[in-house]
Novice: 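I'd like to ask some things about the structure below.
We count ligands from 1, going down the list as the structure has it; atoms in each ligand are counted the same way. We number each residue from 1, following the sequence as shown.
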Amino acid sequence: MKRLTVTLAATVAFAVVGFGSFSPAGADPIVIKFSHVVSPDAPKGKAALLFKQLAEKYTDGKVSVEVYPNSSLYKDKEELEALQLGSVQLLAPSISKFGPLGVKEFDVFDLPFLMSDEARARQMMASPMMADLNKKLEAKGVMPLAYWDNGAHVYTANVPLVSPDDFRGLKMRIQGSKVLDAVARQLGAIPQIIAFGELYQALQTGVVDGEDNVPSNIWTQKFYDVQKYLTVSYHGRLTYSLITNAKFWNSLPADVRPGLDRAVKESTEFFNDTAAKDNAQALKDIAATGKVQMHTLTDTEKKAWIAKLMPVHKEMEGRFGKDFIEKIYKASGFVPPQS
Ligand code: LMR
């Protein structure tokens, strides 16, 4: 009998430890699937795991979060469709991927050099204009819970990229944004949309010659193994939106929401504190591999890139309207250079 009691106690203890999300009332926990496309070691991967830990703790196990990294559940486009269908409850995609939802406005943030520094990016994301943009997503059943700033883009390629002319004829991987398409074309490159989960192979097999990304992604995805050159150009920015299915979020019980809101807030703070540090470290780690030749644009070289790419801002007036672009300049603090 004693033995049975001990075994039973051990089983219960195992169940509680093994399934920390058991609700105290014994009811099944609400499952939140959080799918993303990066490594668990990238800032988004780490923030997703922290969110899981905090959400389960702050809801006393009423919620169980399952994190699926590295496109293991869905790739770029699929994950957005899955969120709308309710097959997944949380994502944190790059906002350059919102076009296929039928919300084109987020592409504006890819205008070259618009938010290349952290202060401008943070100013933009804190601006009241974001509330209007959030409504566009909500109309598609998608609710933004937070924005995560993952830093500025650098380019990698199998040839050195120092002058804008160096892009001519290269096949460059882009995210889905129409502005990124225009940027590649303006540089004389051939843009190709490729899901992040397929990018390593595309670079390895020569489907594309190069791409742009934040250093922490280049490091954690090992793109340095399949690229020879890296240019620190800081021409664009990678912003994520932590998004959920609006219907799902709005139907959460009242005793669960405050705990989740707190977990969102604290994971956002963690993310925004971590990203810049990880990017700085990743640049050092990539350099230390000795596999990639790195170049930081000089002021003169950067001026040449800006001069080459400013026409994209003009061209995009046709897509977004001059007024909208000017409002974005104002909200982000961007001052277009005098030509
Ligand atoms: C990319 O697709 O290049 C990145 O945005 C992936 C990510 O989510 O960081």
Novice: Does a donor on one side chain and an acceptor on the other come within less than 3.5 Å for S163 and E301?
Specialist: no
Novice: Look at the side-chain heavy atoms of Ile, Leu, Val, Met, Phe, Trp and Tyr, link any pair under 4.5 Å apart, and say whether M115 and V183 land in one connected group.
Specialist: yes
Novice: Which of these passes side-chain contact (heavy atoms from CB on, under 4.5 Å) with H36: S72, P69, S71?
Specialist: P69
Novice: I'd like a table of the close N/O pairs between ligand 1 and the protein (anything under 3.5 Å), one pair per line with both atom names and the distance.
Specialist:
from: ligand 1; atom 1: 2 (O); to: K97; atom 2: NZ; distance (Å): 2.6
from: ligand 1; atom 1: 2 (O); to: R173; atom 2: NH1; distance (Å): 3.4
from: ligand 1; atom 1: 2 (O); to: R173; atom 2: NH2; distance (Å): 2.9
from: ligand 1; atom 1: 3 (O); to: R173; atom 2: NH1; distance (Å): 2.6
from: ligand 1; atom 1: 3 (O); to: N213; atom 2: ND2; distance (Å): 2.9
from: ligand 1; atom 1: 5 (O); to: Q175; atom 2: OE1; distance (Å): 3.4
from: ligand 1; atom 1: 8 (O); to: K44; atom 2: NZ; distance (Å): 2.6
from: ligand 1; atom 1: 9 (O); to: N217; atom 2: ND2; distance (Å): 2.8
from: ligand 1; atom 1: 9 (O); to: Y240; atom 2: OH; distance (Å): 2.4

Novice: By the salt bridge (charged side-chain N to carboxylate O under 4.0 Å, His left out) test, which pairs, at least two apart or in different chains, include something from residues 182-200?
Specialist: K75-E198, D181-R185
Novice: Would you confirm whether the ring centroid of W305 sits within less than 6.0 angstrom of the ring centroid of F167?
Specialist: yes
Novice: Going by the angle between their ring planes, with limits at 30° and 60°, are H313 and Y329 parallel, tilted or perpendicular?
Specialist: tilted
